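Shown next, in structure tokens, is the structure this report addresses.
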Amino acid sequence: MIILSTSDQDLDTAAQAIQKGLLVVIPTETVYGLGANLWNRHALARVFEAKKRPSFDPLIVHIAKTGDMAEIADTNVPHALLLAERFWPGPLTMVLPKKEKVPELATSGLPTVAVRCPDNSVAREIIRRSGVPVAAPSANPFGYLSPTRAEHVIAQLGGKVDFIVDGGRCKLGVESTVLDLSVSPPVVLRPGGLPIELLAEIIPDIRALSRSESSLKAPGQLPSHYAPRKALYLIPQGLVSEAGPRPAANSAILCFGQESSYKAKQTGLWAKVLDMSPGMDSVEAASVLFEYMHELDSQDYTEIWAELLPEKGLGMAVNDRLYKASFKG
Ligand code: TXA
Ligand code: MG
């Protein structure tokens, strides 16, 4: 595995490697992606193998500009072009009827394909120079915490990929919002970096799957996902106190807001208290969520506890990840 910078020459190297069918990890504004040439079946197969990802979990195809969407998907679907114009480049993935030539391996045999144009100029430049659409799931072993820094990828998948482009810390820190436009009304299959409130301005009858529906109706959205190796326990928002939680000795907690982290310290129940956002900003919390979880998972704390966020804005995406990370099947 070779680590690349974002220099002009290294972007060329990354782009050529993708074009040739090698695996290249690229930074995006959400999380790092494990990129492969969509037209190269061997490369796609290696993506599933490297992540130990089940074949029923389809990949997101990344493009450099909206104009490239029509090569892989039917764009003649209500809202598709308007959403692209409004929210791309950005953390919105649209599920659309696929074009015949898109390999079934990428879509897990579904008649639809997920497409996204990332809001990261390094990612877009690599895709543009490669000259092909880039299939890229998050660059983590299946089921584990998503990577928001190149170091996370090196530690988790280092031996299994050809190149890692180090673009620093991912600005948003949670994955894109996945919106299925192939059904009417459109359905949010995964809450993510684009708040559903913004989508509802354009699609008033938009629907979000409930937590129990999500694992049944959204491909790849298993009840357990995004998880640290350690046990994770949740606390309802605003209820961090002495009463109730019984963490094991030497456990850590992720709080949301100054008041909660102050209370958590007062109880003396946790050996480490991290605050996802002292000012209770869900965007800030989303940007540090995986980073803090990686940090706590790699240190010798016994259990990880986390306070949920209010269910609005990016709070929906953060809570979705926390619920799935805490699921014990
Ligand atoms: O922000 C992101 O979306 C990141 C970066 C790298 O772009 N990618 C990402 O990919 O999160 P991944 O593979 O971890 O999650 C993709 C999810 C799948 O698990 C599945 O739930 C959904 O997107 N998906 C992909 N294709 C689909 C399809 N045809 N129909 C329904 N859902 C699909
Ligand atoms: Mg993922």
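When a residue number appears, it is its place in the shown sequence, counting from 1. Counting convention: from 1, in listed order, for ligands and their atoms alike. Here the structure is a predicted model, which means the values were calculated and not measured.
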- Message: With heavy-atom distances below 4.0 Å as the criterion, list the atoms of ligand 1 near Pro137.
- Response: 10 (O), 12 (P), 13 (O)

- Residues which pass salt bridge (Lys or Arg N to Asp or Glu O under 4.0 Å) with Asp162, listed by chain and number, not counting sequence neighbours: Arg46

- Grab the two heavy atoms, one from Val174 and one from Val31, that are nearest each other, plus how far apart they are. C-CG1, 4.2 Å

- Item | Pairing of Asp57 and Lys51 as salt bridge, 4.0 angstrom limit | no

- Is there a donor-acceptor pair under 3.5 Å between the side chain of Glu71 and the backbone N or O of Asp68? no

- Ion pair present between Glu307 and Lys263, side-chain N to carboxylate O less than 4.0 angstrom? no

- Any N or O of Glu175 closer than 3.5 Å to N or O of ligand 1: no

- Task: For Lys98 and Glu100, indicate whether the former's side chain and the latter's backbone hold a donor-acceptor pair under 3.5 Å.
- Result: yes

- Message: Need the ligand 1 atom indices (1-based, order shown) with element for anything under 4.0 Å from a heavy-atom of Ala114.
- Response: 25 (C), 26 (N), 27 (C)

- Task: Apply ring pair (Phe, Tyr, Trp, His ring centres under 6.0 Å) to Phe142 and list each qualifying residue two or more places apart in sequence or on a separate chain.
- Result: His225

- Flag the pair Arg149 and Glu291 as a salt bridge only when some basic side-chain nitrogen lies within less than 4.0 angstrom of an acidic carboxylate oxygen. yes

- Ignoring hydrogens and geometry, is there a side-chain-to-backbone donor-acceptor pair from Gln156 to Asn140 under 3.5 Å? no

- Check for a donor-acceptor pair, side chain of Ser108 on one end and backbone N or O of Leu110 on the other, with a separation under 3.5 Å. no

- Item | Test log, rule salt bridge (charged side-chain N to carboxylate O under 4.0 Å, His left out), inputs Lys265 and Asp275 | CA-CA 11 Å; Lys265 283 176 192 155; Asp275 197 335; over 6 Å; no

- Message: For the Mg ion (ligand 2), which protein N/O/S atoms fall under 2.8 Å? Skip waters.
- Response: Ser138 OG

- Full working for side-chain hydrogen bond (donor to acceptor under 3.5 Å, both in side chains) between Ser214 and Arg190: CA-CA 8 Å; Ser214 147; Arg190 174 178 76 181; over 6 Å; no

- Decide whether the shortest distance between a heavy atom of Asp57 and an atom of ligand 1 is less than 4.0 Å. yes

- Item | For Tyr233, all residues meeting ring pair (Phe, Tyr, Trp, His ring centres under 6.0 Å), sequence neighbours excluded | Trp305

- Task: Among all protein heavy atoms, pick out the one at the shortest distance from atom 3 (O) of ligand 1; state its residue, atom name and that distance to 0.1 Å.
- Result: Ser176 OG, 2.5 Å

- For ligand 1, which atoms have a heavy atom of Leu189 less than 4.0 angstrom away? 31 (C), 32 (N)

- Item | Leu59 heavy atom under 4.0 Å from ligand 1 | yes

- Message: Among all protein heavy atoms in this structure, tell me which lies nearest to atom 6 (C) of ligand 1, with the distance rounded to 0.1 Å.
- Response: Gly33 CA, 3.6 Å

- Counting distance only, does the side-chain N/O of Lys160 pair as donor-acceptor with the main-chain N or O of Val47 below 3.5 Å? no

- Query: So which bit of Arg190 gets within less than 4.0 Å of ligand 1, heavy atoms only: side chain, backbone, both or neither?
  - Reply: side chain

- Do the charged groups of Glu175 and Arg116 touch, with an N to O distance under 4.0 Å? no

- Message: If the cut-off is 4.0 Å to any non-hydrogen atom of Thr112, which atoms of ligand 1 fall inside it?
- Response: 28 (C), 29 (N), 30 (N)

- Query: N/O to N/O below 3.5 Å, does that happen between Gln221 and ligand 1?
  - Reply: yes

- Query: To the nearest 0.1 Å, how far is atom 5 (C) of ligand 1 from its closest protein heavy atom, and which atom is that?
  - Reply: Thr30 OG1, 3.5 Å

- Query: Going by the order shown, which atoms of ligand 1 are within less than 4.0 Å of some heavy atom of Ser138?
  - Reply: 8 (N), 9 (C), 10 (O), 12 (P), 13 (O), 14 (O)

- Has ligand 1 got any nitrogen or oxygen that is less than 3.5 angstrom from a nitrogen or oxygen of Lys51? no

- Item | Non-hydrogen atom of Pro219 closer than 4.0 Å to ligand 1 | yes

- Query: Short list, please: which atoms of ligand 1 are under 4.0 Å from a heavy atom of Leu110?
  - Reply: 28 (C), 29 (N), 30 (N)

- Item | Protein contact to atom 27 (C) of ligand 1 [nearest heavy atom, distance to 0.1 Å] | Pro58 CG, 3.3 Å

- Would you find a donor on one side and an acceptor on the other, under 3.5 Å apart, between the side chain of Asp297 and the backbone of Lys230? yes

- Can a non-hydrogen atom of His62 be found less than 4.0 Å from any atom of ligand 1? yes

- Please state which protein non-hydrogen atom is closest to atom 13 (O) of ligand 1 and give its distance, to 0.1 Å? Arg53 NH2, 2.8 Å

- Backbone or side-chain N or O of Thr28 under 3.5 Å from ligand 1 N or O: no

